[in-house]
Protein chains: 2
Amino acid sequence: MSAPTVYDVAEQAGVSIATVSRVYRNPESVRAGTRAKVMAAARTLGYVPSGSARGLASRTTRVLGLCFPDYADPDAEDPDGESDGAPDGSELMLYSDEIIRGMERAARRRGYALLIAASLAEGPENLVAEVAGRVDGFAVLSQTVPVEELEVIARRLPVVMLAGPREDASLDHLDHIEVANRDGELALTRHLIADHGLRRLAFVGSTPDSPDGEARFRGFQAAHREAGLPVPERPNVRAELTQAEGHRAVGELLAVGSAGERPEGIVFANDQMAVGALTALRRRGVRVPEDLAVVGFDGIPLGRLVTPALTTVRQPMRRLGEKAVELLVARLEDRKAEPVSVVLPVSVIRRRSCGCDDGSSDSVTYS
Amino acid sequence: MSAPTVYDVAEQAGVSIATVSRVYRNPESVRAGTRAKVMAAARTLGYVPSGSARGLASRTTRVLGLCFPDYADPDAEDPDGESDGAPDGSELMLYSDEIIRGMERAARRRGYALLIAASLAEGPENLVAEVAGRVDGFAVLSQTVPVEELEVIARRLPVVMLAGPREDASLDHLDHIEVANRDGELALTRHLIADHGLRRLAFVGSTPDSPDGEARFRGFQAAHREAGLPVPERPNVRAELTQAEGHRAVGELLAVGSAGERPEGIVFANDQMAVGALTALRRRGVRVPEDLAVVGFDGIPLGRLVTPALTTVRQPMRRLGEKAVELLVARLEDRKAEPVSVVLPVSVIRRRSCGCDDGSSDSVTYS
DNA sequence: ATGAAAGCGCTAACAA
DNA sequence: TTGTTAGCGCTTTCAT
């Protein structure tokens, strides 16, 4: 005795399978009495419509997807607070969590469910295809899957790139959302220069292949240009985007120069590194922000918990997710509209680590 | 020109559709040369296997589901930090987020994707069925969907109840996971009594229909019994599980009695209320923990941010999600094993609000 | 190792 | 309003 189908329900209710289908898809189109019979039959049989069959027949799933990289960062391996010690971010949200939340809500409002899948180290090839096959459209966090793969898939269904490259020409026809990396870093650096009077600033960047990191550095440069200061040609240090690397970067930065050359402030390409730097600086006896200002980028919750609280630029991850759904749905309605490229505004969060007062509430500026 | 199918690929590659199918399902079973031809054809055509068709033909989706209530709690309406002011929990994780994370990881490890859907206020009926139709099995946060609905669906595919009732007899045949509500509250209350020497404790419970709340109250009672103190018969106050209600509960508690009867500590059925209470007490000039101890239950991240930091019992939400996947997969392999009921252990987090020292790291006890 | 053919459970014209 | 009838794109015996 396998799962009941429309046929079973139809027979039990004494109607045709079409009527059963109608009852589920468009109840109004069936007379109330008939409908009741069908529902009764379905109930007693324990009938549940097969999503697969529906999807196959209607070529639409009412499901949106999200693919993201496997963020199993070593920094966050505290499954459930066995050690509730120093804040390590383990119980805080990851980007993916916020995006998921944003997408889920937006999708739900429009009658879609959300299918999520992180790419495992092995078999990433499968991942996207797997997801792609079960949804009407999906969002991908950049760098999650090989470009060629995406390209093939994007020919068949709407894909929106999140925080990804507009650079990769081959993906130019995809809708795409990013945050104002350059402008955000510009605003933040400007704050350091103009409001705190800092002059010697160092930038700790990511690897050159990170579009986000590079864009942020351009903002950093722009602020210098704007202020009539010498414009740095490249990041003082490049590192991976982890706390450990932030720690390391500090070592590199403070070892190299004589005391006179020590920077007055360090601008990190992301919060994780900045947090790692905070630790490193404390160990060295360098006071933040008195001796040295430190700022990050991203706005991770952990940034508010560390001491001093981290000044940063917040990315609207939730909105990213919502926007992704918007674009997806729009594209579903008009497959051949021009590719859209959205830049989401960010906001500067002034906390203690840049030298600002750390009131009960953070100061915010938009950019 | 619609999306290419196995037929298109087969034709292009000069093989049969069966071979194309094999290449995707079991590459080893096809000669390397043939395989290459097929993959090439697929690539040039932009072929992506249809999940729906696969699901229909194979009666299995490799997707697990999660249904949860629409936690659009008014307490957390700060879409993206327009106000980064007082911590309001908006950027912190919700239960659902942690469970999602736990399930996603566990599922992925086993080769499943995760379909998530919150129940909208309207049409909840659809929600579960919708999900049920597209997955091999799913988890439901209790109180998300009507019991009868679940019952029908559970006849057809594995369902695991999360944090739900073992009480509802009609759902007794479902697998089910809960946390040690009673034992956790017992341990916490014991701490208040034995370690802090408190005698007059008040309990602020939830509505009587909340199994969790009731179980926690039983733990509260048990601690009294254990200590030889008079055992309270019912919660001193009952309230909804929100900050606002916690605030209100304080008013009620402190208004009723004369000064002599004022409790030495208040045990709240959840953290949200406790946090609300903290605010209310500060306004009244009651010092926590000097004048009055306050403890919660749940272990929400916000609890660490408030002043004083909240002593509480932490629920292992992430583990809940992982365990759910475990049970689901096990049930998928043996549909007729005995229903399983798992109780996850919780841990007491001692922070400042109960009178404990607030070191750099929290103290933890297990129960 | 590969092919032929029969469904899988539903939707969507089209009839009635 | 309801029924008939083709598929939807794939997996899966069973042959070859």
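In what follows, every chain begins at residue 1, and chains take the letters A, B, ... in the order their sequences are listed.
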Practice task
Output the distance between atom CG (A:L56) and atom OG (B:S50), rounded to the nearest 0.5 Å.
Solution key: 6.0 Å
Handout entry: Contacts of type side-chain contact (heavy atoms from CB on, under 4.5 Å), residue A:I177, not counting sequence neighbours
Key = A:V160, A:L162, A:L320, A:K323, A:A324, A:L327, A:V342, A:L344
Practice task
Flag the pair B:S52 / A:R134 as yes when at least one side-chain heavy-atom distance between them is below 4.5 Å, and no otherwise.
Solution key: no
Problem - Any A:T19 side-chain heavy atom under 4.5 Å of A:R22 side chain - result: yes
Practice task
Considering only heavy atoms of chain A and a distance under 4.0 Å, specify the first and last nucleotide of DNA chain D in 5' to 3' order that meet this criterion.
Solution key: D:dT1 to D:dG9
Practice task
Could you check which residues of residues 18-33 of chain A get a heavy atom under 4.0 Å from DNA chain C? Sort them by number, please.
Solution key: A:A18, A:S21, A:R22, A:R25
Problem - From CG (A:L115) to CD1 (B:I116), nearest 0.5 Å - result: 9.0 Å
Exercise for the section: Would you check if A:R43 and B:E149 make a side-chain contact, meaning some heavy-atom pair closer than 4.5 Å? Expected result: yes
Exercise for the section: Determine the contact category for B:S52: base if any of its heavy atoms lies under 4.0 Å from a base atom, sugar-phosphate if only primed atoms, P, OP1 or OP2 are that close, otherwise nothing. Expected result: nothing
Completion exercise
Footprint ends on DNA chain C, 5' to 3', for atoms under 4.0 angstrom from a heavy atom of chain A, come out as C:dG9 to C:dA13
Handout entry: Salt bridge B:R101-A:D97, side-chain N to carboxylate O under 4.0 Å
Key = yes
Exercise for the section: Sorted by first residue and then second, give each ring-ring contact (aromatic ring centres under 6.0 Å, His included) pair with at least one member in residues 9-59 of chain A; sequence neighbours left out. Expected result: A:Y24-A:Y47
Problem - Closest-nucleotide ordering on DNA chain C, the 5'-leading residue of B:I17 and B:L56 - result: B:I17
Fill in the blank from the handout: Taken in chain and number order and not counting sequence neighbours, the residues that satisfy side-chain contact (heavy atoms from CB on, under 4.5 Å) with B:T44 are B:Q12
Handout entry: B:T5 side chain reached by B:V9 side chain, heavy atoms, under 4.5 Å
Key = no
